[in-house]
Amino acid sequence: MIDNSLQSPESSKAKTILKLLQGCNSLKKLRKIHAFVITNGLQHHPAISTKLLHFCAVSVSGSLPYAVLLFRHHILNPQTDDWNSIIRGFSQSPNPLKAIFYYNDMVLAADKNFDCRPDSYTFSFLLRASERTKAERKCREVHGSIIRRGYEADVVVCTNLVKSYCGNGLVETARKVFDEMPVKDLVSWNSMILCYSQAGFHHEALRTYDLMRNENVGVDGFTLVGLLSSCAHVGAQNIGVEMHRMACKREFLRNVFVGNALINMYAKCGNLDAARSVFDSMIKRDVLTWNSMVVGYGGHGLGKEAIEFFEKMLMAGFHPNSITFLGLLCGCNHQGLVEEGVEYFHRMTSKYNIKPGIKHYGCLVDLFGRAGKLEKALEVIKNCPSQHDPVLWRTLLSSCKIHKNVEMGEIAMRSLVQVGASNAGDCILLASIYQGVNNVDGVARMRKMIKSWGIRTTPGWSWIEVADQVHKFVVDDKSHPHTNEIYNKLREVIHVLSQLGYVEEGFWGTSTSSYHSEKLAIAFGIARTPEGTCLRIVKNLRVCGDCHSFTKFVSKAFNREIVVRDRVRFHHFKGGLCSCNDYW
DNA sequence: ATAGGGTTAG
């Protein structure tokens, strides 16, 4: 029957239809073609129905419901290709679970019909579906099927498997699959690196690159983007510079993704000049390029520059998005540009139709709070759609600490308790507010609260990059292989500083014998880098008053520029002063 | 005929 139809005059019609399908770019045209197919009795012509199905299921101008219709009624005996089309269609649809259902049907059908066994393509689509459904059990099931059907050596299938496990939060399992792959190509390596980077395992990402280098699979733009993102997160500028060199050598600089990632890396490592020069050298830019600069300046507390770039961005014809405004507002915050910040906050909605998110409200609360307009800050929280968010109250609480406002601090604390989100950090904040006004009872109450809850604060850590190695320290860290050297150096540094007037501040006025992680990192940096080298520290919490003062003294006494990136912003220490003007 | 990879904020 098939052969007959190809021999008959209808075969020329079939050819026409296939050609029409190739140029089809809308559902409307598709319906016309389909009508033509039916009037000519060609709906069961295998080449045509398969092509039609593929188009409907996969093409952007196709239609998945239409594909289902074709699959059910026109394709009498679906083959692997047909199943693949429908599974692929659903795997990228809003309902990826259906892809898995179709796969189950396919397996049943394959018991009777040899022509519709799943192949490596099927598994690629299926894995994408199981990644998107966020069902780790499904992912494991699919893994089982892959092994049973003998595809565990297929590079593409395994790369998808790695991605799928990672997407489901099973990074270790993904790594195991990756390690067991008999053949790994450039894409597999890139995927593994990107997975780590996206999961926040930045050191693993960088370590994986070290392994990759020995494998002769090369490097491309994708590799660099993943690695640069991790460099940015851990503040590894030396490695980032190495990537930059590589990008220049291989002409990856035309690649917008690479350029953006470079700007971000330099900005996050505290080197805005380098970020700027990458920006200037880029031939093509997009919103992310501009955002990276605005966010870069904003994060450094350079509100004026952030605004300047924002205005340039508009003139260049780019549309700002919610991230642009986050950078802009952040810059206004740290420079105390209250009027400007408020103005941009309103313009965000009125002119650009961007709904402010919780972060934007947080910026506004911070903007008022930092500037001492605590009533205004409170008003913002009360008028905000998500006024039960602990982050906003916590922001207000820290503003109260800056301005030593007990009453407002208690309001913020009460709200935190009310929404059931108060933690030890909040108690410490309020305690230091009490401490500031010599309210002994208050301090004691907070101490008791922390004790009775038995909650511990987030452990702090600091990173420093010395000679292409990132070293991590926690409070009173003794795990570093050169602990003795570091502690000796630190004691020596403190001795030098104390002769210049530095006094160690204890927690709540008590003397303390503990060393915060950044002190250890700085001591290590001084011990291990040549004089004059800039030290770059990244830490997960805010800088405390004592460490801030310590770092200022170090920058002067040891003639070092020190860049500290804390959870919120950058501090550039130089000659005994900090770029934040002691306001952070 | 049909496959796998991308950066900001959090």
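Naming convention: chains lettered A, B, ... in sequence-line order (proteins, then strands); numbering from 1 in each chain.
Rounded to the nearest 0.5 Å, atoms OG (S230(A)) and CG (L194(A)) are 8.5 Å apart. Y361(A) contributes atom OH, which lies 12.0 Å from atom CG of D389(A) (distance to the nearest 0.5 angstrom).
Taking atom CZ of R285(A) as the reference point, atom P of dT7(B) lies 21 Å away to the nearest angstrom. The distance from atom CD1 of I263(A) to atom P of dG6(B) is 20 Å, rounded to the nearest whole Å. Between the P atom of dG10(B) and the OH atom of Y361(A) lies a distance of 18 Å, rounded to the nearest Å. Between the CG atom of D154(A) and the P atom of dG4(B) there is a distance of 12 Å, given to the nearest Å. The nearest whole Å value for the distance from the CE atom in M348(A) to the C1' atom in dA9(B) is 13 Å. Rounding to whole angstrom units, CD1 of residue I358(A) and C1' of dG10(B) are separated by 12 Å. We find that CH2 of W290(A) is positioned 17 Å from C1' of dT7(B), with the value rounded to whole Å. Following rounding to the nearest Å, Y297(A) (OH) and dA9(B) (P) show an atom-to-atom distance of 17 Å.
Counting any heavy atom pair closer than 4.0 Å across all strands shown, S188(A) reaches a base atom. Among the heavy atoms of the strands lying under 4.0 Å from Q198(A) are primed sugar atoms or P, OP1, OP2 only; no base atom is included. Within 4.0 Å of V287(A), counting heavy atoms only, lies no atom of the nucleic acid at all. Contacts of N264(A) with the nucleic acid, taken as non-hydrogen atoms under 4.0 Å apart, involve only primed sugar atoms and P, OP1 or OP2. Among the heavy atoms of the strands, none lies under 4.0 Å from T223(A). Using a 4.0 Å heavy-atom cutoff across all strands shown, N160(A) reaches sugar-phosphate atoms only and no base atom. Within 4.0 Å of K359(A), counting heavy atoms only, lie sugar-phosphate atoms of the nucleic acid but no base atom. Residue contacts for L194(A): at a heavy-atom cut-off of 4.0 Å it reaches the sugar-phosphate backbone alone, with no base atom in range. V155(A) comes within contact range of at least one nucleobase, with a heavy-atom separation under 4.0 Å. Residue-level contact check: G259(A) touches neither bases nor backbone, having no heavy atom under 4.0 Å from any strand. Counting non-hydrogen atoms under 4.0 angstrom, S229(A) reaches the backbone sugars and phosphates but no base.
Here the side chain of N260(A) is nearest to one of dT8(B), dT7(B), dA3(B), namely dT7(B). With dA9(B), dT2(B), dG6(B) as the choices, the nucleotide that has an atom nearest any side-chain atom of F125(A) turns out to be dT2(B). You'll find that the side chain of V156(A) is closest to dG4(B), out of dT7(B), dA9(B), dG4(B). For Y121(A), counting side-chain heavy atoms from C-beta on, the closest listed nucleotide (dT8(B), dT2(B), dG4(B)) is dT2(B). Side-chain proximity of L326(A) to the nucleotides dG6(B), dA9(B), dA3(B) is greatest for dA9(B). You'll find that the side chain of D119(A) is closest to dT2(B), out of dT8(B), dG4(B), dT2(B).
Regarding contacts with the backbone of dA9(B), a side-chain N or O of K268(A) is found under 4.0 angstrom from either OP1 or OP2. Phosphate contact (OP1/OP2 of dA9(B), side-chain N/O of S322(A), threshold under 4.0 Å): absent. R128(A) has a side-chain polar atom (N or O) that falls below the 4.0 Å cut-off from OP1 or OP2 of dG4(B).
Considering Y344(A), Y297(A), F318(A) as possible partners of F310(A), the one that fulfils the ring pair (Phe, Tyr, Trp, His ring centres under 6.0 Å) test is Y344(A).
For the pair K312(A) and F309(A), the distance from NZ or CZ to the six-membered ring centre is under 6.0 Å and the angle to the ring normal is within 45 degrees.
N255(A) contributes a side-chain N or O that forms a donor-acceptor pair with the base of dG6(B) under 3.5 Å.
A salt bridge is absent between E172(A) and K176(A): the closest approach of a Lys/Arg side-chain nitrogen to an acidic carboxylate oxygen does not fall below 4.0 angstrom. Taking 4.0 Å as the cut-off between side-chain N and carboxylate O, D566(A) and R542(A) count as a salt-bridged pair.
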Just distance, no hydrogens or angles: give the donor-acceptor pairs under 3.5 Å from side chains in residues 237-244 of chain A, sequence neighbours left out.
unit_1: Q237(A); atom_1: OE1; unit_2: N271(A); atom_2: ND2; d: 3.0
unit_1: E242(A); atom_1: OE1; unit_2: R245(A); atom_2: NH1; d: 2.9
unit_1: H244(A); atom_1: ND1; unit_2: Y266(A); atom_2: OH; d: 2.8

